[in-house]
Amino acid sequence: MRLTSVEALAKHREEARAAIEAYDCRILVCSGTGCVAAGAQKIYDKLVKLTENLDHVTIQMQKDVPHIGTMKTGCQGLCEYGPLVRVEPYDYQYVKVQEDDCEEILNETVLNGRPVERLFHQDGDEKYAHPMDIPFLNKQTRIVLENCGNIDAESIDEYIAAGGFSALAKAITEMTPEQVVDEVDKAGLRGRGGGGFPAGKKWKQVIRQKEKIRYVVCNGDEGDPGAFMDGSVMEGDPYKLIEGMLIAAYAVSAQDGYIYVRAEYPLSVKRLKHAIAQAEEYGLLGEGILGTDFNFTLHINRGAGAFVCGEGSALTASIEGNRGMPRVKPPRTVEKGLWEKPTVLNNVETYANVPKIILQGADWFRTIGTEGTPGTKTFSITGAIANTGLIEVPMGTTLREIIYDIGGGLKNNAKFKGVQIGGPSGGCLVEEHLDVPLDFDSVKKFNAIVGSGGLVVMDDSTCMVEVARFFMSFTQRESCGKCVPCREGTKRMLEILEKIVAGKGELEDLDRLEEMAQMVRSMALCGLGKSAPLPVISTLSTFRKEYEEHIIEKKCAAKVCTAMRKFIINPDLCKGCGKCLRNCPAGAINGAKKEAHSINTDLCIKCGACLENCAFDAVYVEA
């Protein structure tokens, strides 16, 4: 199956398209991590089993020409409504599919073309039969995610049929390496890993190095809590990542590349290994790619769960087999990166943008997004939002559009309080920022960063002091300990935050927090350390009254901070059943049987057992 020329690739593309068009029906089962966790594998297995004994149906497993094909796709985006099943050619999108629904899908839709309307996505009285009818999907602009959910994530033929490797063919046969770099630079593609450094400029810096041994490295160490954009691309369209890295390697004359994947992404690792093996079999990796003198070999390295290995120099140190710790710069990675050789280091999303830029040109790419940040950005939206999931929108899209137009607003029509953007090293944006365009430059004005693209939406039941404590706890644990400002500064900041949420804070603590935050921000060794104080800086700026309330009034209005909660029994609702009394580990509840009980606040340890065990809603929390 080795493809030895551009003509052979084009011929195989037509054959692959013909094979897909030969299907009477295709059943696309979302097999992203979210849907797999919700039971998608069982649904896939059930659909395969249901079709294997039908005389007139051949289930496709080895890409022979079948009547019906059941396949695993990448993330289809609507994570809130998984497991998801899409049936072609009818383009029916089914949500929250269970094993018991499989027979009905087979009998009604697959065999007879009739919809199963009860499985359509519904919003109020409105039902949406097709994916592009659903507001969550039709308000997006998909470039990086265009294949996710639409093709078999484990088939190189389907990627080729969808136009895959056309950009590679164009680059290595019609363009010089310099022209490739110039096109990426002209497009204004900025690194999507969080830093926003221009990719073309980085590639040019590598080309200028005298050293001729060079490497291309992909940062797939997506460690932010609530972020799963890169993981979804590696799971759902691994070939696009490979193609982007191939083009980068050609552009900078590199012959070896590495994909560094976080250990918590086993499905990404599995599909990348499979994709690399298929690409090697087809002659799209290895020696003499498409009959040219271009050679490139790709390797996978698994991280060991260290958040700091998302930083470039720590990541390359980890690949080399050393402890993942940042180093003093200069020299930078473009000068001395992997094994002290010039290295192009970008994240998954950045590489996944490259094929489309080469195919459609820099001018096309610049028609999307903003002047300073062209293109799109993938975001994972989680938290108190109605529609959690994976989205891709033009750079410059506002929070209001993302949260309300795409995300469907907050759950239970709750009041919006803020959104943590950029992960634990990011910042908090609030209601006054809803109409701020989300791009690398705009959000910096508000002590926040776009980061890799995680958005955690919070409603008014969220305590912002606890949010700051949670993220500071994360970054403090993940500090590599190499530099004193980060190692000691984050620890002292965490101690102060823990003191405040425990009800023992003093007003002077706020000044200490601000002073330490600025010290860590200005003096930490690496970018992760410098951005670690951002959640504290942004919440202090926007929610200072909430901090003061915790300190002065010893009160947490959100009723989140355990030390400030007071459990009360309403005597009018209490039936005296004694269940709370029996389950109280501190013996803090008094009362006779069938008489109203009470809680001794001096003995109460505020564990909440009484609240959990009361069958009459007689226990409530007073902030």
Side-chain angles (χ1 to χ4, degrees), residues 16-122 127-134 137 147-159 161-162 232 235-237 266-267 270-271 274:
R17 285 174 177 168
I20 292 172
E21 289 169 2
Y23 291 115
D24 291 332
C25 181
R26 298 204 324 156
I27 309 170
L28 306 175
V29 181
C30 179
S31 296
T33 296
C35 281
V36 169
Q41 183 63 48
K42 292 180 180 179
I43 291 165
Y44 175 82
D45 293 341
K46 181 72 174 286
L47 287 167
V48 169
K49 186 175 182 180
L50 286 171
T51 55
E52 65 184 357
N53 294 321
L54 297 178
D55 291 338
H56 63 292
V57 172
T58 302
I59 185 68
Q60 83 88 6
M61 293 300 287
Q62 299 298 328
K63 295 299 174 205
D64 49 336
V65 179
H67 293 89
I68 294 177
T70 303
M71 57 207 62
K72 299 176 181 179
T73 74
C75 178
Q76 295 177 11
L78 277 164
C79 304
E80 180 76 17
Y81 297 95
L84 304 168
V85 173
R86 191 176 296 170
V87 185
E88 296 176 348
Y90 315 106
D91 200 31
Y92 291 142
Q93 178 72 67
Y94 295 140
V95 303
K96 296 187 177 180
V97 178
Q98 302 300 312
E99 278 188 86
D100 295 341
D101 301 322
C102 292
E103 289 191 34
E104 188 175 0
I105 291 172
L106 178 72
N107 295 326
E108 290 298 309
T109 306
V110 175
L111 300 181
N112 295 295
R114 295 189 293 263
V116 182
E117 293 190 11
R118 66 181 182 83
L119 294 177
F120 287 159
H121 175 63
Q122 186 167 352
K127 286 187 177 181
Y128 303 100
H130 311 296
M132 284 301 103
D133 295 338
I134 301 171
L137 295 173
N147 291 329
C148 288
N150 295 318
I151 67 172
D152 186 340
E154 298 179 347
S155 169
I156 193 171
D157 287 341
E158 293 219 4
Y159 180 69
S232 296
E235 293 171 6
D237 198 2
L267 186 56
K270 176 184 175 183
R271 289 189 177 162
H274 177 73

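Quick note: residue numbers are just sequence positions, from 1. Nothing here was measured: the structure is a model prediction, and the numbers come from that model.
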Shortest non-hydrogen contact from [X] toward [Y]:
| X | Y | answer |
| --- | --- | --- |
| Cys30 | Ala40 | O-CB, 3.2 Å |
| Val97 | Ile43 | O-CD1, 3.0 Å |
| Cys25 | Pro89 | CA-CD, 4.2 Å |
| Gly82 | Cys35 | CA-SG, 3.8 Å |
| Leu28 | Gly149 | CD1-O, 3.8 Å |

Does a side-chain heavy-atom distance below 4.5 Å link [X] with [Y]?
| X | Y | value |
| --- | --- | --- |
| Ile134 | Gln93 | yes |
| Pro83 | Gln98 | yes |
| Thr73 | Val29 | no |
| Asp133 | Lys127 | no |
| Pro115 | Phe120 | yes |

Supply the atom-to-atom distance [X] [atom1] to [Y] [atom2], rounded to the nearest 0.5 angstrom.
| X | Y | atom1 | atom2 | value |
| --- | --- | --- | --- | --- |
| Asp24 | Leu111 | CG | CG | 10.0 Å |
| Ile156 | His274 | CD1 | NE2 | 8.5 Å |
| Ile27 | Tyr44 | CD1 | OH | 10.0 Å |
| Tyr128 | Leu137 | OH | CG | 11.5 Å |
| Ser232 | Leu267 | OG | CG | 9.5 Å |
| Tyr94 | Leu84 | OH | CG | 13.0 Å |

Does the side-chain contact (heavy atoms from CB on, under 4.5 Å) test come out yes or no for Glu158 and Ile20, once each step is laid out? CA-CA 8 Å; Glu158 293 219 4; Ile20 292 172; 4.0 Å; yes
Can any side-chain N or O of [X] pair as donor or acceptor with the backbone N or O of [Y] at less than 3.5 Å?
| X | Y | answer |
| --- | --- | --- |
| His121 | Val95 | no |
| Asn112 | Asn107 | yes |
| His130 | Asp91 | yes |

Donor on one side chain, acceptor on other, Arg86 and Asn150, under 3.5 Å: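 Present: a donor and an acceptor within the cut-off.
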Applying side chain to side chain donor-acceptor pair (under 3.5 Å), name anything that partners [X], two or more places apart in sequence or on another chain.
| X | answer |
| --- | --- |
| Lys72 | Gln41 |
| Glu235 | Thr33 |
| Arg118 | Asp101, Glu104 |

Is it true that, when you exclude Glu103 itself, more than 12 heavy atoms of the residues, nucleotides or ligands shown sit nearer than 6.0 Å to its CD? no
